[in-house]
Amino acid sequence: METEQNTDKRKILKRVILVFIAIMILLTFFSKTINDILLPEVEYTTFSNQSLEKEIDTTGEIKPVDIKKINAWRDMKIKEVKVKEGDKVTKGIILALTDTDDMLLKVKSMEFEVKKAQDEIENFKNQFKSNVETEKNNKNQWLVKDLEEAQKSYDEAKLLYENGLDSYKRVETCLEELETIKKKISDEKESEENEKRNQEDYERTLSEKMSELQLKIYELDDFKKNCNDNGEIKSEFDGVINQALIEKGSTCNSGQPLFEVVSKDSKYKLEWKLNSAKAQILKEGDTVDLTITNDKEESFESNIDKKNYVVNEGLYLFTSFINDKNIKTKTGQVDLNIALKSKEYPMVVPNSCIFNAGDKNMIFVLKEKDGVMGEEQFVKSVNVKILDSNDSSTAISGNIAENDNIVSFASKALVDNAKVKLR
Amino acid sequence: MQLKRKKINIQIIVKIWITINRITKRVLYYFIMVFVSISLLFPVIYMFANSFMGEKEIQKNYGALMTVNDSKKAEPEYMSFKLIPDPVSFMQYYKALLRSPKFLQMFWNSCLLTLPILLGQLIVSTLAAFAFSKFKFPLRNVIFFMFIIVMMMPFQVSLVPNYIILKKLNLLGGYLSVILPGTFSTFGVFLLRQFMISIPDELCEAAKVDGASSMRIFLNIILPQCKGALASLAILVFIDNWNMVEQPLIFLKDQAMYPLSIFLSAINGNELGIAFACGLIYMIPAVLIFLYGEKYLVEGIKLSGMK
């Protein structure tokens, strides 16, 4: 009985052993294949010595620098505008036509005002002369004559009285007459002084009126001179119309701007705005490669001339001048790509090479070793310090050899010493 | 009558006392045996249970053990201790058997090293034991005494001489560097010699009289009677060499030639779950061999006088 049990047990054990060996053989046959299929696939690269180009995409506006304005030299009503924005103009070309009826009416009105002022002055002069001058001369002559006669009568009466030939009453009468005439002469002198003051007032008033007249004459002449245009507004210089500030039927006051004309030799500037995060990449004086896209793409190199903070928008305004004369796009909104080159770094790798582990940055270096199943690839993590980066590449420093293969892509998350296979 | 009744009562009391005493002893005996058995089996049970735990559960239970070298994390005083997986997971076996081709390669390396050693030891030991037990030659006992002394020394003592000899023979780095020193074991000679001594010399003399040569006597008379001892030696040699670590580490240069015992020691601390599974798989051949030859092992040891 015991022997039978032992025999059964050994039979079972034999089968178990055989099954175990069979399973191990089978698994050995497939395990490497399965393992290789499931290993993370990696791609690798090596670091390079290069500068980092930081790119920013935004929109900007191209503006001319030298813009001249054509202002209205009189009040005018626009009859027709002959040019539009972007039109090239030469000196003397008609930009717009104005209504001339109003202009003629205004000339007549101004001429009437001048005439009126002239008449006023003439009347003022005549009035002053007729009232004062003749009368004053006659009066003075009579008073001098009366004074001489009164003095002579007084002297004769006094002599006669001293000789007793006449009475003292007669002397007193002559003296009274003489005093009366002297008083009249005194009054007259006072009157003359008053007249003199009046004369000064007259001359001042006359001068003012003459100046007023002169001004009106000048205004008239100026208006007439400006009205020699026959209602035509002409360009004063060669250039391109940047902006037409008037339209048909509009009225303009004297001095009001009508057209903005970009000078033929004007430079152009490119302005763009960036938020603080992007703006910190660029600073005044940086040399950047600018690519503008409007209808077509154009690139040029320029310096950043200004960087100002626009307080009410919370954005930074950058300005660069376009010195490249081959740039065809002259004005308006453009899509803008700004590329800033950094200094050269000895170790630059693609961004995909950098892995974050908490507050540390690391890369995985591809290594090879002779394993049980032949040559095996595995990855070794190396802590690195990030010096600079852009959208595609990162400058690093760390303990990396020149020929180290750095993992740039992994199909699965990697850990230190993880076995991998090449893609 | 009263005396007779009194005598019967005393007999009953004595019987009850004896019975109680016997039961108490047996209970105590079983209790100690169960306790010892559990203590001895516990590592195996523990390994078995944990090999079916998922990665998260292993991390939860033994995470502190895995991060013990991380100075940033405080080492906890106690760790979780679980025997029942929740839930049962075969992920560790999947990883060990299908995601670690290295493990299986090393399994076959172990077989490649152990089986030749086993075969070689059986041949060498039986022949040597036959000589020591059935031939009379000068200094036989002295030489055998030296065998016993060598057997009593830890095998690490002979590692350096072996290394030098292997280097001189230009065998270092190959499988032979492990197989050859393993083949010549004093323990096997001792075990079989003890067994062969118990075989009556008359049998050999009778064969000699019938004209049998020494080799014929060895093959036809001695060996058939040594089956049990050979089986027990085979089991012991297999287990001993299946678990060897130092010899392959020192004598082998190529990792591709390392046996499974080294794989276990090299498993990363973060792969504790795989270690449990690999340990269990690693144990299976030894257990199967033991179960298969259990009867011979006990018999062999009993007959060789080692018990």
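We name chains A, B, ... by the order of the sequence lines, and we start the count at 1 in each one. Treat the numbers as computed from the prediction; the structure is a model and nothing was measured.
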Could you tell me the separation between the [atom1] atom of [X] and the [atom2] atom of [Y], rounded to the nearest 0.5 Å?
{"X": "B:Ile284", "Y": "A:Ile23", "atom1": "CD1", "atom2": "CD1", "answer": "8.5 Å"}
{"X": "B:Glu294", "Y": "A:Leu13", "atom1": "CD", "atom2": "CG", "answer": "9.0 Å"}
{"X": "A:Lys9", "Y": "B:Leu291", "atom1": "NZ", "atom2": "CG", "answer": "6.0 Å"}

Assess whether atom [atom1] of [X] is packed by more than 12 heavy atoms of other residues, nucleotides or ligands within 6.0 Å.
{"X": "A:Asn49", "atom1": "CG", "result": "yes"}
{"X": "A:Lys412", "atom1": "NZ", "result": "yes"}
{"X": "B:Met91", "atom1": "CE", "result": "no"}
{"X": "B:Phe48", "atom1": "CZ", "result": "no"}
{"X": "B:Asn170", "atom1": "CG", "result": "no"}

The ring pair (Phe, Tyr, Trp, His ring centres under 6.0 Å) partners of A:Tyr44 (sequence neighbours excluded) come to none

Applying a strict 4.5 Å limit to non-hydrogen atoms, the region of B:Phe107 in contact with chain A is side chain

The side-chain hydrogen bond (donor to acceptor under 3.5 Å, both in side chains) partners of A:Asn351 (sequence neighbours excluded) come to A:Thr394

Checking heavy-atom separations under 4.5 Å from chain B, one finds in residues 15-22 of chain A A:Val16, A:Ile17, A:Phe20, A:Ile21

Expected list for residues 401-410 of chain A: side-chain donor-acceptor pairs under 3.5 angstrom, two or more places apart:
{"residue": "A:Asp404", "atom": "OD2", "partner": "A:Ala401", "partner atom": "N", "Å": "3.0"}
{"residue": "A:Ser408", "atom": "OG", "partner": "A:Glu43", "partner atom": "O", "Å": "3.3"}

Checked A:Ile25, A:Ile12, A:Leu39, A:Leu27 vs chain B; the most non-hydrogen pairs under 4.5 Å come from A:Leu27

Closest non-hydrogen atoms of B:Leu104 and A:Met24, given as atom of the first, atom of the second and distance, are CD2-CE, 3.5 Å

